[in-house]
Enquirer: 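Structure below; questions to follow.
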Amino acid sequence: MLIAAAAQAGYQVTDLGIARDTQGDVAGCLDSAIAKGVDVLITTGGVSMGDRDWVKPLLQAKGTIHFGRVLMKPGKPLTFATLELPQGRQMLVFGLPGNPVSSFVCFHLVALPALRKMAGWASPGLRRVHVRLANDIKMDPERPEYHRATLQYSKCPTSVPGVDASAYGWWALSTGKQASSRLLSARSANTLLEIPQTSGVLPAGSTVPALLIEDLQGMPEPHAVDP
Ligand SMILES: Nc1nc2c(c(=O)[nH]1)N[C@H]1C(S)=C(S)[C@@H](COP(=O)(O)OP(=O)(O)OC[C@H]3O[C@@H](n4cnc5c(N)ncnc54)[C@H](O)[C@@H]3O)O[C@H]1N2
Ligand code: MOO
C-alpha cells in the first residue's frame with residue numbers, strides 16, 4: 001500500500017523487504033538502505049513500547065531522533081530521525097506505526113509532504129479545504145483525530161436536519177469505524193477530516209477542515225443513499 005502510494009506520487013521506490021523482530025534483522029535493513037543510497041527510509045511497525053520494537057533504539061544509536069511520539073490519532077508512536085552519512089549525505093527516516101491505517105495516515109500527513117519538499121514543491125503540505133459532515137462524528141478527548149472520509153460534490157447524501165436536500169455542496173461521508181487496524185476505514189477515503197481533541201459529538205451538517213489525500217478527479221459519482 002505504501003509502495004503504491006509513494007510510486008503513484010511519482011517517487012522511485014526500493015522495497016527492502018520484511019525485517020523480523022530482531023535487533024540484527026532491523027539493523028541489517030538499515031544497513032542495506034544506506035548501501036543502496038536511498039534518500040528517505042520509511043519503516044512500518046516495531047516503533048512502539050514493546051520489548052521487540054527495535055526501530056527507535058536503532059535510530060537513537062545511529063542518528064538523531066527528532067520526535068518519537070505525537071499527539072494524534074492514529075499515529076501516536078510516529079517517529080522521525082535523520083542519519084548523517086559519509087560524504088555529507090543525510091538520510092531521513094520515517095518510522096511509521098505498524099497498524100495499517102496508522103501507517104497510511106502518517107505517510108500522507110508527514111512523509112509525503114517531506115518527499116514533495118525534497119522534490120522542490122513550493123507548498124508541499126496537503127491541501128486543506130472546508131467541508132460539511134454528512135454523518136455525526138464522535139470526538140476523542142485524548143487525541144485529535146484524522147478521520148478518514150470520502151468527499152463528494154453532491155446533494156446532501158444523508159438526511160441532515162435543517163439542510164436543503166436539493167442544494168449541492170462538498171459533503172464528507174465517514175468511512176465508518178476508525179480503528180487503526182481496520183484498513184476498510186481507508187477504502188475510498190480521499191480526505192482526512194481534522195477532528196478536534198474534545199468530548200462529545202460533532203453533528204452532521206458541521207463544517208470541518210479536511211486535508212486532501214487524493215486527486216479529486218477520482219472522487220465518487222454522487223449517488224443516491226438508501227433512505
Ligand atoms: N505501552 C504502549 N503500547 C502501545 C502504545 C502506547 O502508547 N503504549 N501505542 C499503541 C499504538 S497507538 C500503536 S499505533 C501501536 C503501534 O505499534 P508498532 O508501530 O510497534 O507496530 P507493531 O506492533 O510492530 O505492528 C502493529 C501491527 O501492524 C502489522 N504491520 C506492521 N507493518 C506492516 C506492514 N508493512 N504490512 C502489514 N502489516 C504490518 C504488524 O504485523 C502488527 O499486526 O502500538 C500500540 N502499543
Ligand atoms: O495511534 Mo495508533 O496509530 O492509534 O493505533
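Every number for a ligand or one of its atoms is a count from 1 in the order of the listing.
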Enquirer: If you group Ile, Leu, Val, Met, Phe, Trp and Tyr by side-chain heavy-atom gaps below 4.5 Å, do Leu216 and Val131 land in one group?
Expert: yes
Enquirer: What orientation do Phe67 and Phe80 show, parallel under 30°, tilted 30 to 60°, or perpendicular over 60°?
Expert: tilted
Enquirer: Could you check whether Thr175 and Arg148, counting side-chain N and O atoms only, form a donor-acceptor pair closer than 3.5 Å?
Expert: no
Enquirer: Could an N or O of ligand 2 be found under 3.5 Å from any N or O of Lys73, whether backbone or side chain?
Expert: no
Enquirer: I'd like to know if Arg69 contacts ligand 1, where contact means a heavy-atom distance under 4.0 Å to any ligand atom.
Expert: yes
Enquirer: Are any of the N/O atoms in Gly75 less than 3.5 Å from those in ligand 1?
Expert: no
Enquirer: Give yes if a backbone or side-chain nitrogen or oxygen of Ser180 is under 3.5 Å from a nitrogen or oxygen of ligand 1, and no if not.
Expert: no
Enquirer: Report yes or no: does Gly46 have a heavy atom closer than 4.0 Å to ligand 1?
Expert: yes
Enquirer: Please report which non-hydrogen protein atom sits nearest to atom 15 (C) of ligand 1, along with the residue it belongs to and the distance in Å to one decimal place.
Expert: Asn99 ND2, 4.0 Å
Enquirer: Look only at the side chain of Gln197 and the backbone of Pro141, and say whether a donor-acceptor pair between them is shorter than 3.5 Å.
Expert: yes
Enquirer: Which atoms of ligand 2 have any heavy atom of Ser102 under 4.0 Å away?
Expert: 2 (Mo), 3 (O), 5 (O)
Enquirer: To the nearest 0.5 Å, what is the distance between OG1 (Thr82) and CG (Leu41)?
Expert: 12.5 Å
Enquirer: Check whether any N or O atom of Gly75, backbone or side chain, sits under 3.5 Å from an N or O atom of ligand 2, and answer yes or no.
Expert: yes
Enquirer: Which value, rounded to the nearest 0.5 Å, describes the distance between Leu126 atom CG and Ile213 atom CD1?
Expert: 8.0 Å
Enquirer: Taking heavy atoms and a distance under 4.0 Å, where does Arg143 meet ligand 2: side chain, backbone, both or neither?
Expert: side chain
Enquirer: Identify the protein heavy atom lying closest to atom 5 (O) of ligand 2, giving its residue, its atom name and the separation to 0.1 Å.
Expert: Ser180 OG, 2.4 Å
Enquirer: Does atom 43 (O) of ligand 1 have a protein heavy-atom neighbour under 4.0 Å away?
Expert: no
Enquirer: Ser102 versus ligand 1: do any nitrogen or oxygen atoms come within less than 3.5 Å of each other?
Expert: no
Enquirer: Give me the residue, atom name and distance of the protein heavy atom closest to atom 4 (C) of ligand 1.
Expert: Ser48 OG, 3.3 Å
Enquirer: Take atom 27 (C) of ligand 1 and look for protein heavy atoms under 4.0 Å from it; say yes if you find one, no if not.
Expert: yes
Enquirer: How close does the nearest protein non-hydrogen atom get to atom 38 (N) of ligand 1, and which residue and atom is it?
Expert: Gly98 O, 4.4 Å
Enquirer: Any N/O of Leu96 closer than 3.5 Å to an N/O of ligand 1?
Expert: no
Enquirer: If you count the atoms of ligand 1 from 1 in the order shown, which ones are under 4.0 Å from a heavy atom of Asp53?
Expert: 20 (O)
Enquirer: Atom 8 (N) of ligand 1: which protein heavy atom is closest, and how many Å away?
Expert: Met49 CG, 3.4 Å
Enquirer: Quick check: does any side chain N or O of Thr158 sit under 3.5 Å from a backbone N or O of Ala134, one acting as donor and the other as acceptor?
Expert: yes
Enquirer: In the protein, which heavy atom is nearest to atom 36 (N) of ligand 1, and how far is it?
Expert: Thr44 OG1, 4.9 Å
Enquirer: Can you check whether Pro74's main-chain N or O pairs, donor with acceptor, with Ser102's side chain at less than 3.5 Å?
Expert: no
Enquirer: Which of the atoms in ligand 1, numbered in the order shown and given with their element, are less than 4.0 Å from a heavy-atom of Pro97?
Expert: 14 (S), 19 (O)
Enquirer: Taking the side chain from Lys56 and the backbone from Gly68, do they hold a donor-acceptor pair closer than 3.5 Å?
Expert: yes
Enquirer: What are the atoms of ligand 2, with element, lying closer than 4.0 Å to any heavy atom of Pro74?
Expert: 1 (O), 3 (O), 4 (O)
Enquirer: Looking at atom 1 (N) of ligand 1, tell me if a protein heavy atom falls under 4.0 Å from it.
Expert: yes
Enquirer: What is the minimum heavy-atom distance between Val70 and Leu78, and which atoms define it?
Expert: CG2-O, 3.9 Å
Enquirer: Under 3.5 Å, side chain of Asp136 to main-chain N/O of Ala204, donor-acceptor pair present?
Expert: yes
Enquirer: Number the atoms of ligand 2 from 1 as they appear, then name those within less than 4.0 Å of a heavy atom of Asn99, with their elements.
Expert: 5 (O)
Enquirer: Between the side chain of Asp25 and the main-chain N/O of Ala19, is any donor-acceptor distance below 3.5 Å?
Expert: no
Enquirer: Any protein heavy atom at under 4.0 Å, with atom 32 (N) of ligand 1 as the reference point?
Expert: yes
Enquirer: With distance as the sole test, does Asn99 use its side chain to make a donor-acceptor pair with the main-chain N or O of Ser180 at under 3.5 Å?
Expert: no
Enquirer: Taking the side chain from Arg132 and the backbone from Gly169, do they hold a donor-acceptor pair closer than 3.5 Å?
Expert: no
